[in-house]
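Throughout, protein chains are lettered first and strands after them, A, B, ... in sequence-line order, and every chain is numbered starting at 1. In what follows, every heavy atom counts, from backbone to side chain, and hydrogens, waters and symmetry copies are set aside.
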Number of protein chains: 2
Amino acid sequence: MTVMETTSTRTDSCAAPPNAHRRPNGQDSYTISEVVAFTGLTAHTLRWYERIGLMPHIDRSHTGQRRYSNRDLDWLDLVGKLRLTGMPVADMVRYAELVREGDHTFTERFELLETTRRDVLSRIAELQDTLAVLDRKISFYAEAGRAYESEKAG
Amino acid sequence: MTVMETTSTRTDSCAAPPNAHRRPNGQDSYTISEVVAFTGLTAHTLRWYERIGLMPHIDRSHTGQRRYSNRDLDWLDLVGKLRLTGMPVADMVRYAELVREGDHTFTERFELLETTRRDVLSRIAELQDTLAVLDRKISFYAEAGRAYESEKAG
DNA sequence: TGCTTGCTTGGAGTGCACTCCAAGGCCATA
DNA sequence: TATGGCCTTGGAGTGCACTCCAAGCAAGCA
């Protein structure tokens, strides 16, 4: 009935985990400390992400403890990547909301990702520009260092 | 007597302004608001940079107002680039101190720049990784959008 | 002479993204 | 039974990089 029948059961509509390496055998339920070990985030941060609406609903054990799924880990993977781009958390929350709202937000999600993509491209360009400056300075200092050494020697 | 005789008179030992486009004719003295216009920084930020030791000594007019030189603009250019790399302001202040301390800090400056260069390279790699993820997601949504349209039509 | 504009200062305030705290529940091992 | 470890919560605190404020000075101009 929709584009992909599996869509509504997934946290993110196009998951497709590239690095599913950190998951043991067949289980699909991790404590917060396991997720801490996997992601490098702190437990504080994981709970905070949940509070601000950046996470989908996280399962709980019968005692009320969080039990993260592989899907949750995939989502955290994406969040981590987006974070590296400098995307504000608020924008990621917006994206999470769109995912929760269902298939009719596909267009908006597409646009958000497109915008992000453009941002990433220009950040890469900026960094390459900076790299050129650094290289110039570094070779200056390397040369200056050599000259200094030979001056000491001679 | 040292590696480069002009060294000690320059803010940064290997300036070599690549984009000296924003400087009028022959003058070498700009008000804070001109610098604001050139750099996109706010006057607040420029004064703050000075307070924390990120700037060399800035000239003053007879009434005590700041008068920035081309050298200062070059330095701000570098600072702007380093800022884009995510380098903490404290590290930039450290670099500024090394420059102020004179030629004997060449090695340390070299190492700081080398470290920064490596950071920039890995940031670029991260961003390219993220770009790949975004591209995958974007093409998913593009396809989903097309499928949705054809479903509506058929 | 007063008004406006632009600048000065130290210090206080802001927004973001965490980061931590106190108080307490659950459960396994000694 | 108690000790330790891991987890829970709401709310407060932190660090960074600005960002703003109030009070005041100097210059240009009606």
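Following rounding to the nearest Å, I58(B) (CD1) and dT9(C) (P) show an atom-to-atom distance of 12 Å. Distance Y30(A) OH to dC7(D) P: 15 Å, rounded to the nearest Å. Note: CG (D59(A)) to P (dT8(D)) measures 13 Å, nearest angstrom.
In this structure, D119(A) has no side chain to side chain donor-acceptor pair (under 3.5 Å) partners at least two apart in sequence or on a different chain. Every residue meeting the side chain to side chain contact (heavy atoms under 4.5 Å, CB included) condition with E126(B), not counting sequence neighbours, appears here in chain and number order: L84(A), R123(B). With sequence neighbours excluded, the residues that form a side chain to side chain contact (heavy atoms under 4.5 Å, CB included) with A142(A) are R146(A), F110(B). In this structure R51(A) satisfies the side chain to side chain donor-acceptor pair (under 3.5 Å) test with no other residue, sequence neighbours excluded. Residues satisfying the side chain to side chain contact (heavy atoms under 4.5 Å, CB included) criterion with R67(A), sequence neighbours excluded, are S29(A), T31(A), D59(A), S61(A), Q65(A).
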Report summary line: Its contact letters, B for base, S for sugar-phosphate only and - for none at protein heavy atoms under 4.0 Å, make nucleotides 10-26 of chain C read BB-----BBBB-----S
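Residue R67(B) places no side-chain N or O under 4.0 Å from the OP1 or OP2 atom of dT8(C). At dC7(C), none of the side-chain N or O atoms of R66(B) fall inside 4.0 Å of OP1 or OP2 (strictly under the cut-off). Within the structure, a side-chain polar atom (N or O) of T31(B) is placed less than 4.0 Å from OP1 or OP2 of dC7(C).
When heavy atoms are screened at a 4.0 angstrom cut-off, S33(B) is found touching the sugar-phosphate backbone but no base atom.
Y141(B) and R109(A) share a donor-acceptor pair across their side chains, judged by distance under 3.5 Å alone.
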